[in-house]
Protein chains: 2
Amino acid sequence: MKRATLRDIAEALGITAATVSRALKGYPDISSRTKQAVLAVADQLNYAPHPLAVKLRQQEYKVIGVVVPDIMHPFFSDIVSGIVDVVEQLGYHVMLSQSNESYEKEVRVTQMLQATGIDGLLMCLSNETVTVDHLRTLREYDLPIVLFDKISLGLDVSTVVTNDFQGAYDAVTHLLQQGYTRVAHIKGPVHPENSRQRFAGYRAALADYGVPFRPEYVAECQAVTHAEGYAFAQQFLALPEPPEAIFAVTDAVAIGAIGALKEAGQRVPEDMAVIGFSNWTVCELLEPTVSSVVQSGYDIGCRASELLLREIQQLRDDQPREHRHLVLNAAVKVRQSSQRTPAITVA
Amino acid sequence: MKRATLRDIAEALGITAATVSRALKGYPDISSRTKQAVLAVADQLNYAPHPLAVKLRQQEYKVIGVVVPDIMHPFFSDIVSGIVDVVEQLGYHVMLSQSNESYEKEVRVTQMLQATGIDGLLMCLSNETVTVDHLRTLREYDLPIVLFDKISLGLDVSTVVTNDFQGAYDAVTHLLQQGYTRVAHIKGPVHPENSRQRFAGYRAALADYGVPFRPEYVAECQAVTHAEGYAFAQQFLALPEPPEAIFAVTDAVAIGAIGALKEAGQRVPEDMAVIGFSNWTVCELLEPTVSSVVQSGYDIGCRASELLLREIQQLRDDQPREHRHLVLNAAVKVRQSSQRTPAITVA
DNA sequence: CTGAAAGCGCTAACAG
DNA sequence: CTGTTAGCGCTTTCAG
């Protein structure tokens, strides 16, 4: 069945499209007789307004673009879920894409998304991304942008991040307070701000507790994978004086490390404590259960969406746009892998 | 900066918008002098065609809608990732929404998506969904639809599913061939076709191996959670003659069951074997590693997208639309939890 | 109460 | 080679 238009139903009734339009949206100044007629025909023809026509006329698309490095990654799918839930509440829709941690692809998809006419963009930068000219271009078109998780400081946009510094600081403090002094860190790549922050939190905690920083206790991931955690844990064990505890930049890395430790006959946490970051669901299922720093992806998605929708509204109202920088707290969730005197498992 | 239009650049040059349009799309019949001029001004004004105007004119949106029960669920985020990768290759975009396993919300979001003017819909039904009138309505608008994973038989649309019957059959066969005869099944809810199929595969395997079906060895989940797996495993253990093996409808359920078994002092797989379905990443990380039936969400997303894009093209070309029904094979991945003589762990 | 007309921004057929 | 005209489908003054 061909899509019915206002004119179709107008011609069927021998009236004009304008009248039909008004009848359908319940304008007060319309005779109830023609209104009935219009409604009847509309219903019979299965009429629905053509969305593109409406949006073109109204000059509002009600769609926001979302770019994450990897849709399959649980942290990002949590974020996307939060975004969808929040924006749909206000009648917006989400157009989703992924960069696969490639700078080149990130540039391509943001441009493609922009070309669809989105009202705003929510984005997490790829690990490869160092320059943000592709986003500057978008801002010249007055496109509201909110960055989350992996953000850029060289851009005047709103941001939402976890307090990586504080989360890391608290995680390492938790280890130090239990008497572990030789604490290692498997860090993330150089560029992303959040892996720098976690590293900074690690160093700050050591400093505050008077523990000397030892370069051989720091390893740096490229891809931030389970396999790297595994390899670096082995590397630590091979040191003349191995560490007693590891703070890993993510749970995947932490879990990989635990795997290597167990294979090497080490007991976790008795011989070596391990704590990760992100609090994946699996942390509760493993043996030992894995301590981690809780950051809610869903919340990040919600907060970022709220900021973006606010800016879109401000733009529409010709109000000055104000950028905000949210830093969400992270909480240490202690489980078996980092607890010297194993306690009762908390469900 | 206000968005530049064709007219802006036309007026700046004292020519007409049509000429500008042609110049920009490199039509052959245009003087290279005006072409240069147009390009220069366009560039300077940061011109980009208004997507909605183009699409309205062209009567093509190049957007497909996707509805999954739960964006955060790894199986679905895998599927979404596959969809995005495939459709973007052809210049399409993905508008994403979720039903949260609620029939009511499913109806609402599909209607909202349809109202945005999408060219097609990819969807997995919620567990609650039994009637599909909301999709019938869409089909009256000639909207191409492809259902995947949780599908409905009462609708004339293309479908993509895992061969749940065969996967279940093979999983149970794998248990039976090792000599386990008292094989229990924790099944999914009644409605979804795939949990029925898994149940049917379970029964068929028992029948083919001459093992009597025992109703007390079947438990039925509502929410298909870790907690339910846990509870039902306890329930099985309490039977006068407990089973020796459990085939669980999903990995979450299997993992919950293993948790209960271990707590009850049972050894897995020596005392009780367990196998799940979906092959989550965590299956490799747990102890024992968890056997499962492999179904690639990413592939399902890719295949479903291909079918949908084909139908969209057929619709555009006024060709007859043909629906296909893909059934993707599932392979049993044997790990420790279901293997009587523990073998070498395969990475 | 309803019709006529203009226009959102772009494209395409037809002239010239 | 370029301008004119018409129209995608809808909304919204302005008349009447």
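The sequence lines fix the lettering, A, B, ..., with proteins before strands; numbering per chain opens at 1.
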Could you check how far [atom1] of [X] sits from [atom2] of [N], rounded to whole Å?
X     : N      : atom1 : atom2 : value
A:R33 : C:dT2  : CZ    : C1'   : 12 Å
B:L52 : D:dC10 : CG    : P     : 14 Å
B:R7  : C:dA6  : CZ    : C1'   : 12 Å
B:Q36 : D:dT2  : CD    : P     : 12 Å
B:Q58 : C:dG9  : CD    : P     : 17 Å
A:L6  : D:dC8  : CG    : P     : 12 Å
A:D8  : D:dG9  : CG    : P     : 8 Å
A:R22 : C:dA5  : CZ    : P     : 14 Å

- prompt: B:E128 versus B:E101: any side-chain heavy-atom pair under 4.5 Å?
  reply: no
message: In the structure I gave you, are the side-chain heavy atoms of A:R136 and A:L155 within less than 4.5 Å of one another anywhere?
response: yes
Looking at [options], which one has an atom nearest to any side-chain atom of [X]?
X     : options               : answer
A:A18 : D:dT12, C:dC10, C:dT2 : D:dT12
B:T5  : C:dG9, C:dT2, D:dG3   : C:dG9
B:T16 : D:dG3, C:dA4, C:dC10  : D:dG3

message: Nearest heavy atom decides the nucleotide; on that basis, is B:K35 or B:L56 closer to the 5' end of DNA chain D?
response: B:K35
Quick check on [N]: is either OP1 or OP2 less than 4.0 Å from any side-chain nitrogen or oxygen of [X]?
X     : N      : value
A:Y47 : D:dC10 : yes
A:T19 : C:dC1  : no
B:Y27 : D:dC1  : no
B:T34 : D:dC1  : no
A:S31 : C:dT2  : yes
B:Q59 : D:dG7  : no

field: Ring-ring centroid check B:Y61 B:H93, cutoff 6.0 Å
entry: no
- prompt: Counting any heavy atom closer than 4.0 Å, what does B:K25 reach on the DNA or RNA strands: base, sugar-phosphate only, or nothing?
  reply: sugar-phosphate
message: Are more than 12 heavy atoms, taken from residues, nucleotides or ligands other than B:R316, located less than 6.0 Å from that residue's CZ atom?
response: yes
field: Derivation and outcome, side-chain hydrogen bond (donor to acceptor under 3.5 Å, both in side chains), residues A:D85 and A:Q89
entry: CA-CA 7 Å; A:D85 285 356; A:Q89 214 107 38; over 6 Å; no
